[in-house]
Amino acid sequence: MGNQKNFLQKVLRWLGKFLLGVYLAYLIFSLVLMPFLAPWIIGSQAGKILKRPVKVRGVFFNPFLLRFNLNGFKILDHDKQEMVGFDKFWADFSFIRLWKKELHFESIGLEGVSVNVVLLEGAKVNLLDLIPTPPAASDVTAPGQPKASLAQGLPAANSPAKPLPLLTVGKVILKNGKVSFADQAIAPGFRTVISKINAQVTGISTAPEAQVKVFFDCLMDDKGTFNLEALVWPFVQPLKLEATCTLNNYILTVFTPYVGKYTGRAVKDGSLGINMNYALEDNQLRATHKILVQNFDFGDKYPSPDALNLPFGLALGLLEDGQGRIKISLPVTGNINEPKFNYFRLLGQVAGNFFLKMVTQPLSFLVSLGNDDPGLQEMGSVRFAVGEAELTQQNQEWLKALVKGLKDRPKLLIRINGSYDPVSDWRAIRQKTFENRYQILQQESLRPDDRLVRQIYTEFFGLRSYWELTGKYKSKDGKLKEEELTAEMKRRMIEDAPSNQLALNALAALRAQLVYDFILQEGFDPARLSLGSNQEVQSSLGWVPLEFTVTVFGES
């Protein structure tokens, strides 16, 4: 028994010394070797992989609290300028949670992140050079050995998925980050800075019921503020999320290089605000994008060979209300599970359709501001019945909506151009003239209808034309084909009579004057309204559209 007891004591002493030695080695490695060697190892190995100078100020590991710190990390370009870096990275691991079979980080964070993005000539981004080129896959196999299949090593299609180990992270923190972006591909260059970037992500877990909360905010060019709040259920199938993003008071003068390139004008003033809301559930995306631009104004001419010859001034006048605000709403909905679904393409289509309608159909756009009736918006203009100069009830509703839209767009001027169709209008005028004269003769005379028609024809074309036409409608026995002759007279009086330009111009002017008077009666500013010249147009389905010209105050 004594020998066994002595042996057990020796084993325990030896085990104690071994554990103490391991612990001392652990402390020496953590407190001495790691701070001394790790910065050099990380810098040299990362430099070889990235082919860029990499600097590390310090690496520390607290062996008691299991806290790891990496400080002063920088990736430099060939000119020794910082491309990517951060002041401090830390990860706090919880040893106690291991007893509960849980991998738990109290917090993981980055502080003082700095990223410098440069768009070079040829649309090349400088940071892409940091991505290592993957080695070419070897297709060489030993003789007699079958080629490896891509499916080898993958689990069977019907095999049940293994549950993920329980991993939780209390907080992921980003403090005081900064991103600089420079576009060298555009002259004279563009630069913007996103600073004071702060973010916090909580609730990270591999548990099926996990709800991840995301908070993000930053300062854009020292004035505009951006905020993001999101709630994500990462393991709900299909994915579920809710998010809200807001951008406030972003100064638009910074975009002068881009605006000037395509408009030929600098940005003198203006601020931008955006509110975006997203909801995704059961593969159904519902997104809204509300844009607010305030006090936007073009400045001096900006020399650019790429400037587009488009009515930017008219577009601005159509968009801006009486308080100098431009409000745009772009909703996007769709099933993300559909193969053809593409969020950015849908958003581009919605925006493109909005601006296309605004520029190509300015009157319909203005009417839509004053009335949401699709029927009125599709009218496109005031329409008169051929040969008539009367405002229908629908025309009056359309003009009321137009006036309402124009009142909220104080930079716009409107000119009313009288219009006529030289064929349809003249035919209708002749028809009405014939019918009026026919009714008068009916009241004054008891002669039969065919005699009245012959009298009117003679008044229109003269006695000679009457006898010539009569000769064409006599039968071989000398009898007159009275019904056919009467029908031909009516046709000629209505269709073949030479047009009277004075009458057509008078009709067009009367139409324009009616619209002019109605708009003034609705309380519109007469200084912004004028009458233009008469225009020859083509009628459609018995209606003659009136021509309007929309211009911007101060522009020709």
Given side chain to side chain donor-acceptor pair (under 3.5 Å), test Tyr262 with Tyr302 step by step and report yes or no. CA-CA 9 Å; Tyr262 297 109; Tyr302 193 91; over 6 Å; no
Close side-chain approach of [X] to [Y], heavy-atom, < 4.5 Å:
{"X": "Gln211", "Y": "Leu231", "answer": "yes"}
{"X": "Ile204", "Y": "Phe105", "answer": "no"}
{"X": "Lys327", "Y": "Ile291", "answer": "no"}
{"X": "Arg409", "Y": "Asp321", "answer": "yes"}
{"X": "Asp525", "Y": "Arg528", "answer": "yes"}

Kindly give the heavy-atom pair with the smallest separation between [X] and [Y], and that separation in Å.
{"X": "Gln284", "Y": "Asn335", "result": "NE2-ND2, 3.4 Å"}
{"X": "Lys407", "Y": "Gly523", "result": "CE-O, 3.7 Å"}
{"X": "Glu229", "Y": "Phe215", "result": "CG-CD2, 3.8 Å"}
{"X": "Ala199", "Y": "Phe216", "result": "CB-CD1, 3.7 Å"}
{"X": "Ile197", "Y": "Lys178", "result": "CD1-N, 3.9 Å"}
{"X": "Pro234", "Y": "Ala210", "result": "CD-O, 3.5 Å"}

Start with the C-alpha distance between Thr192 and Asp221, add both sets of side-chain angles, then the distance that settles side chain to side chain donor-acceptor pair (under 3.5 Å), and finish with yes or no. CA-CA 6 Å; Thr192 186; Asp221 288 313; 2.6 Å; yes
For the pair Thr168 and Glu102, evaluate side chain to side chain donor-acceptor pair (under 3.5 Å) and give the outcome as yes or no after the intermediate values. CA-CA 8 Å; Thr168 59; Glu102 177 184 349; 2.5 Å; yes
Leu285 and Thr333: CA distance, side-chain angles, deciding distance, side chain to side chain contact (heavy atoms under 4.5 Å, CB included) verdict: CA-CA 5 Å; Leu285 174 67; Thr333 59; over 6 Å; no
Thr225 and Leu247: CA distance, side-chain angles, deciding distance, side chain to side chain contact (heavy atoms under 4.5 Å, CB included) verdict: CA-CA 6 Å; Thr225 59; Leu247 172 66; over 6 Å; no
Does Lys400 qualify as a cation-pi partner of Trp398, given the criterion of NZ or CZ under 6.0 Å from the six-membered ring centre and within 45 degrees of its axis?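 No, Lys400 does not lie over the aromatic ring of Trp398.
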One thing to verify: whether [Y] and [X] come together as a salt bridge, which I'm taking to mean a side-chain N less than 4.0 angstrom from a carboxylate O.
{"X": "Asp129", "Y": "Arg52", "result": "yes"}
{"X": "Asp87", "Y": "Arg57", "result": "no"}
{"X": "Glu320", "Y": "Lys411", "result": "yes"}

Greater than 12 external heavy atoms within 6.0 Å of Asp300's CG: no
For Phe36, I'd like to know if atom CZ has over 12 heavy atoms of other residues, nucleotides or ligands within 6.0 Å.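 No, not enclosed.
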If you apply the rule side chain to side chain contact (heavy atoms under 4.5 Å, CB included), what do you find for Val214 with Val212, and how did you get there? CA-CA 7 Å; Val214 181; Val212 180; 4.3 Å; yes
Under the side chain to side chain donor-acceptor pair (under 3.5 Å) rule, what do Asn277 and Asn275 come out as? Steps first, then yes or no, please. CA-CA 7 Å; Asn277 292 280; Asn275 185 282; 2.7 Å; yes
Output field: ring centroids Tyr258/Phe190 closer than 6.0 Å: yes
Could you check whether the rings of Phe86 and Phe73 sit parallel, tilted or perpendicular, using 30° and 60° as the cut-offs? parallel
Determine whether Val59 and Phe61 satisfy the following criterion, side chain to side chain contact (heavy atoms under 4.5 Å, CB included), listing intermediate values before the conclusion. CA-CA 7 Å; Val59 177; Phe61 179 72; over 6 Å; no
